[in-house]
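None of these values were measured; they are calculated from a predicted model.
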Amino acid sequence: MTMTDPERIPVIIGVGQLNDRPASPELGLDPPGLMAAALRLAEADAGGNLLADLDSLAIVDQISFRHLGNLCAGVAGAIGANPPISYQSEAPHGDTPIRLLNEAANRIGAGEVRLAAVVGAEALRTAAGLAALAAKGEDKSYNAVRGVSTRRDPTYAQAHGLTAPVDVYPIYENAGRAAYGQTLAEAQAESGAIWAGMSEVAAANEGAWIRKAVSAEDILTPGPANRPLAYPYTKLTVANSSVNQGAGFLVASLAEARRRGIPEERLIYVGMGAAAKEDPSILRRDRYDRSTSMDTAIRRTLELNRMTAADFDHVELYSCFPCVPKMARRVLGWPVDKPATVFGGLTFGGGPIANYMSHAVVSMVERLRPKGSGGGDGKTGFLFANGGYATDNHCIVISREPVAAAQFPQDFDYQAEADAARGPIPELEKDYVGPASVESYTVFHGREGAPSAGVVIARTPEGKRTLCHIDVADAAICAFFMDGAVEPVGTAGAIALEGERRVWVR
């Protein structure tokens, strides 16, 4: 049944985003300043005089100024708002902006609010500048908590080098390549095509951080300015978090938008969303060639909105690392030769940690509005967000026309369905030695470009999962894992004990 009460139909009425890059990084804005500026831009985009009347303010958590704690009161005060609903997300995850958009739509659909704001920002560039001054004793105003280690004994995964997203996502990349039946050259070509396309979108987007088109060859070729990180990823294929960026958007009921006199052609309707997660531990995943929770979130979003990929003029497929849009486009049915972003991707558009998808919402709205209203060349868009270590997934549809299937409030949590569809989780055997096969792997590189370490996620003959090191001093082993002559994933070998380390041998 189509929603007909304009008091309960959610629409996006204003969007704003900004880059802050003074000549001296320490002079940049902090996250609250970026958030307030982004909301003022969104207010101006909607026609002005809105922020003081907010019923809800939702903030995406940030990492660059952790010592500031909860930012709700400060941001609300800076924009002259006093909303009865005000909250900050529990942690910075890449799916957060889409979840907050879905929650705003639910509150409007339930009649709880009429005007809501979602905003986030990161200022890692400012933070780095202030930390550098503090290190020289010139300025101690910035509490450089990022430099204080709180790590206790490493986990089993961390002890094998799997400590950060850049270490983990190559595990999905290499497993995916094997599952798709691609050669190394074919898989790299797909990554290069997607990323070159993203750079072209960023070059045309005033909101992007790096506005220069880059060829697929330059993206994939290692060099001094594009050093290898974790095989097969180079610097130009990973998220660029060294940015100062803020973005936010305003969501209202259709009735409130009309009361405010906002032109109908500038309204973007919110469609249905769906979300699901993987286990936080990367070693408690059923597989690495795809994500059941991602599959569920994308498929359910299509079903809820009664749409297919053919209905979308534009998509934003989260792009922290190539494996993510590769997996997502296969579920969605999105061709490799069509842009996978409207903002520019996390490498070129900018990777402000958890707030990237707020920029994607802003850019999608700008593309979906009709050209005569300052817009672009489409009517309906699909937004896919991912966070953690290929952990969190949330998708939603937005359109310049009402989404006939949309019903709010909705339950967007499809975790039970994802869990039921997931395969068995292999038992972990930490100290295994003996014959095994490669489930996935990566090789880490130092700042000078040479291999520094490596890890194999392996399966025992009984199907148990275990980890072991790659001896990067062994040129033949390094070639086996990286030269593309054979596909390492699925091949048989063994884990041997060498001193105190368990290493892969052929």
Exercise for review: Using atom types as modelled and distance alone, determine if a side-chain donor or acceptor of E487 lies under 3.5 Å from a backbone N or O of V489.
Suggested key: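 Yes, because the side chain of E487 sits within donor-acceptor range (under 3.5 Å) of the backbone of V489.
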Point to revise | For the student: nearest non-hydrogen atoms of V201 and P339, plus distance | key: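 So the two residues come closest at CG2-CB, 4.1 Å.
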Practice item. Decide yes or no for L54 and I79: does some side-chain heavy atom of the first lie under 4.5 Å from some side-chain heavy atom of the second? Key: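 Yes, close enough: below the 4.5 Å cut-off.
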Review point. How about H394 and F412: are their ring centroids closer than 6.0 Å?
Key: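 Yes, ring centres under 6.0 Å apart.
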Review point. Do you know the tightest heavy-atom contact between A58 and L100?
Key: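 Closest pair (atom of A58, atom of L100, distance): CB-CD1, 3.9 Å.
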Check your understanding: Do L57 and L39 come within less than 4.5 Å of each other through their side chains, counting heavy atoms only?
Key ->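 Sidechains of L39 and L57: in contact.
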Point to revise | Where A406 and G271 come nearest, the two heavy atoms and their spacing | key: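 Shortest heavy-atom contact: CB-CA, 4.3 Å.
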Check your understanding: Between atom CG of L51 and atom CG of L250, what is the distance when rounded to the nearest 0.5 Å?
Key ->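 If I round to the nearest 0.5 Å, the distance is 6.0 Å.
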Exercise for review: Rounded to the nearest 0.5 Å, what's the gap from CE on M482 to OH on Y441? Could you check?
Suggested key: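 Rounded to the nearest 0.5 Å, the CE-OH separation comes to 8.5 Å.
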Check your understanding: Should R367 and V342 count as side-chain neighbours, where that means a heavy-atom distance under 4.5 Å?
Key ->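 Counting from C-beta outward, R367 and V342 do come under 4.5 Å.
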**Study point:** Contact list for residues 188-212, test salt bridge (Lys or Arg N to Asp or Glu O under 4.0 Å), sequence neighbours left out
**Key:**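 Output for this query lists E190-R329, E190-R330.
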Check your understanding: Would you say the side-chain atoms of T234 and N226 include a donor-acceptor pair closer than 3.5 Å?
Key ->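 Side-chain D/A pair, T234 to N226: present.
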**Study point:** salt bridge (Lys or Arg N to Asp or Glu O under 4.0 Å): pairs with one or both residues in residues 18-43, sequence neighbours excluded
**Key:**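 Pairs touching residues 18-43 that pass the test: none.
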Review point. Can you list the residues that meet the side chain to side chain contact (heavy atoms under 4.5 Å, CB included) rule with V168, with sequence neighbours excluded?
Key: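 In terms of side chain to side chain contact (heavy atoms under 4.5 Å, CB included), with neighbours along the sequence ignored, V168 is linked to L162, I282, Y389.
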Exercise for review: For P488 and V438, work out which heavy atoms get closest and say how close.
Suggested key: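 In terms of heavy atoms, the two residues are closest at O-CB, 3.3 Å.
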Check your understanding: Would you call T442 and I470 a side-chain contact if the rule is heavy atoms closer than 4.5 Å?
Key ->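 Answer no - side chains too far apart.
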Check your understanding: Do any N or O atoms from the side chain of N174 and from the backbone of S440 form a donor-acceptor pair under 3.5 angstrom?
Key ->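 Not a single qualifying donor-acceptor pair exists.
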Exercise for review: With sequence neighbours excluded, tell me which residues meet ring-ring contact (aromatic ring centres under 6.0 Å, His included) with H314.
Suggested key: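 ring-ring contact (aromatic ring centres under 6.0 Å, His included) check on H314 returns nothing, list empty.
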Check your understanding: Between R290 and G176, is there a donor-acceptor pair closer than 3.5 Å when you use the side chain of the first and the backbone of the second?
Key ->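 It does not hold such a pair.
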Point to revise | Any donor-acceptor N or O pair under 3.5 Å, side chains T292, D295 | key: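 On atom types as modelled, these side chains do not qualify, holding no pair under 3.5 Å.
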Check your understanding: Can R369 and E265 be said to form a salt bridge (charged side-chain N to carboxylate O under 4.0 Å, His left out), step by step?
Key -> CA-CA 7 Å; R369 285 172 174 164; E265 65 269 17; over 6 Å; no
Practice item. Taking the side chain as every heavy atom from C-beta outward, state whether Y233 and P322 have any atom pair closer than 4.5 Å. Key: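 Touching, per the 4.5 Å side-chain cut-off.
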Exercise for review: For the pair D377 and K371, find out whether any cationic side-chain nitrogen is under 4.0 Å from an anionic carboxylate oxygen.
Suggested key: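 No, no charged N to carboxylate O under 4.0 Å.
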**Study point:** F343: partners by ring-ring contact (aromatic ring centres under 6.0 Å, His included), with sequence neighbours left out
**Key:**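 In terms of ring-ring contact (aromatic ring centres under 6.0 Å, His included), with neighbours along the sequence ignored, F343 is linked to Y356, H359.
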Review point. How long is the gap from CD1 on I98 to CD on E103, to the nearest 0.5 Å?
Key: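 Interatomic distance, I98 CD1 to E103 CD, rounded to 0.5 Å: 11.5 Å.
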Review point. Of all residues at least two apart in sequence or in a different chain, which pass the ring-ring contact (aromatic ring centres under 6.0 Å, His included) check with F312?
Key: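 F382.
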Review point. Rounded to the nearest 0.5 Å, how far does OH of Y414 lie from NZ of K277?
Key: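 So the NZ of K277 and the OH of Y414 are separated by 16.0 Å.
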Review point. Tell me the salt bridge (Lys or Arg N to Asp or Glu O under 4.0 Å) pairs involving residues 311-328, sequence neighbours left out?
Key: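 Every salt bridge (Lys or Arg N to Asp or Glu O under 4.0 Å) pair that includes a residue of residues 311-328, provided the two are not neighbours, is E173-K326.
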Check your understanding: Quick one: CD on Q17 to CG on N355, what's the gap to the nearest 0.5 Å?
Key ->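 The CG atom of N355 is 10.0 Å from CD of Q17, to the nearest 0.5 Å.
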**Study point:** Residue pair T296 / E417, side-chain donor-acceptor N/O under 3.5 Å
**Key:**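 No, no side-chain donor-acceptor contact under 3.5 Å.
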Practice item. Tell me, please, which residues at least two apart from Y169 pass ring-ring contact (aromatic ring centres under 6.0 Å, His included). Key: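 In terms of ring-ring contact (aromatic ring centres under 6.0 Å, His included), with neighbours along the sequence ignored, Y169 is linked to F321.
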Check your understanding: What pairs of residues pass the salt bridge (Lys or Arg N to Asp or Glu O under 4.0 Å) test when at least one of them lies in residues 217-235, not counting sequence neighbours?
Key ->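 Sorted pair list comes back empty.
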Exercise for review: Kindly write out the residues that satisfy side chain to side chain contact (heavy atoms under 4.5 Å, CB included) with S199, not counting sequence neighbours, or none if the list is empty.
Suggested key: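 S199 satisfies side chain to side chain contact (heavy atoms under 4.5 Å, CB included) with A213, V214, F348 once adjacent residues are dropped.
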Exercise for review: Determine yes or no for a side-chain-to-main-chain donor-acceptor pair under 3.5 angstrom, with T341 supplying the side chain and G345 the backbone.
Suggested key: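 Side chain of T341 to backbone of G345, a donor-acceptor pair under 3.5 Å: yes, one is there.
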**Study point:** Pair S293, N393: side-chain N/O donor-acceptor within cut-off below 3.5 Å
**Key:**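 Yes, N393 and S293 have a side-chain donor paired with an acceptor closer than 3.5 Å.
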**Study point:** Contact summary for A297 and A276, nearest pair of heavy atoms
**Key:**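 Distance-wise, the nearest heavy atoms are CB-N, 4.3 Å.
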Check your understanding: Quick one: do D392 and R99 make a salt bridge, cutoff under 4.0 Å?
Key ->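 Result for this pair is no, no salt bridge flagged.
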Review point. Can you tell me how far CD of Q188 sits from CH2 of W195, rounded to the nearest 0.5 angstrom?
Key: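 It is 11.5 Å, given to the nearest 0.5 Å.
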Check your understanding: Checking side-chain hydrogen bond (donor to acceptor under 3.5 Å, both in side chains) for the pair E366/N205: CA distance, chi angles, key distance, verdict?
Key -> CA-CA 10 Å; E366 292 173 342; N205 187 351; 5.6 Å; no
**Study point:** Any E278 side-chain heavy atom under 4.5 Å of R422 side chain
**Key:**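 Yes; the side chains approach each other to less than 4.5 Å.
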Point to revise | Student check: side-chain heavy atoms of M272 and I396 closer than 4.5 Å | key: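 Of all side-chain heavy-atom pairs linking I396 with M272, none is under 4.5 Å.
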Review point. Taking only residues two or more places apart in sequence, or in another chain, which ones meet A123 in a side chain to side chain contact (heavy atoms under 4.5 Å, CB included)?
Key: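 A123 satisfies side chain to side chain contact (heavy atoms under 4.5 Å, CB included) with P31, L34, S64, F65, T126, N244 only.
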Practice item. For the pair T347 (side chain) and V238 (backbone), establish whether a donor and an acceptor sit closer than 3.5 Å, ignoring hydrogens and angles. Key: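 Present.
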Review point. R285 and T391: side-chain donor and acceptor closer than 3.5 Å?
Key: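 Looking only at side-chain atoms, T391 and R285 do form a donor-acceptor pair, the distance falling under 3.5 Å.
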Exercise for review: Please test Q88 against C72 for side chain to side chain contact (heavy atoms under 4.5 Å, CB included), starting from the C-alpha separation and ending with a verdict.
Suggested key: CA-CA 7 Å; Q88 181 168 296; C72 290; 4.0 Å; yes
Exercise for review: Evaluate the side-chain proximity of L124 to I353: yes if any heavy-atom separation is below 4.5 Å, no if none is.
Suggested key: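 Yes - at least one pair of side-chain heavy atoms lies under 4.5 Å apart.
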Check your understanding: Who passes side chain to side chain contact (heavy atoms under 4.5 Å, CB included) against A328, sequence neighbours left out?
Key ->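 Result, side chain to side chain contact (heavy atoms under 4.5 Å, CB included) vs A328: M294, I298, L317, F384.
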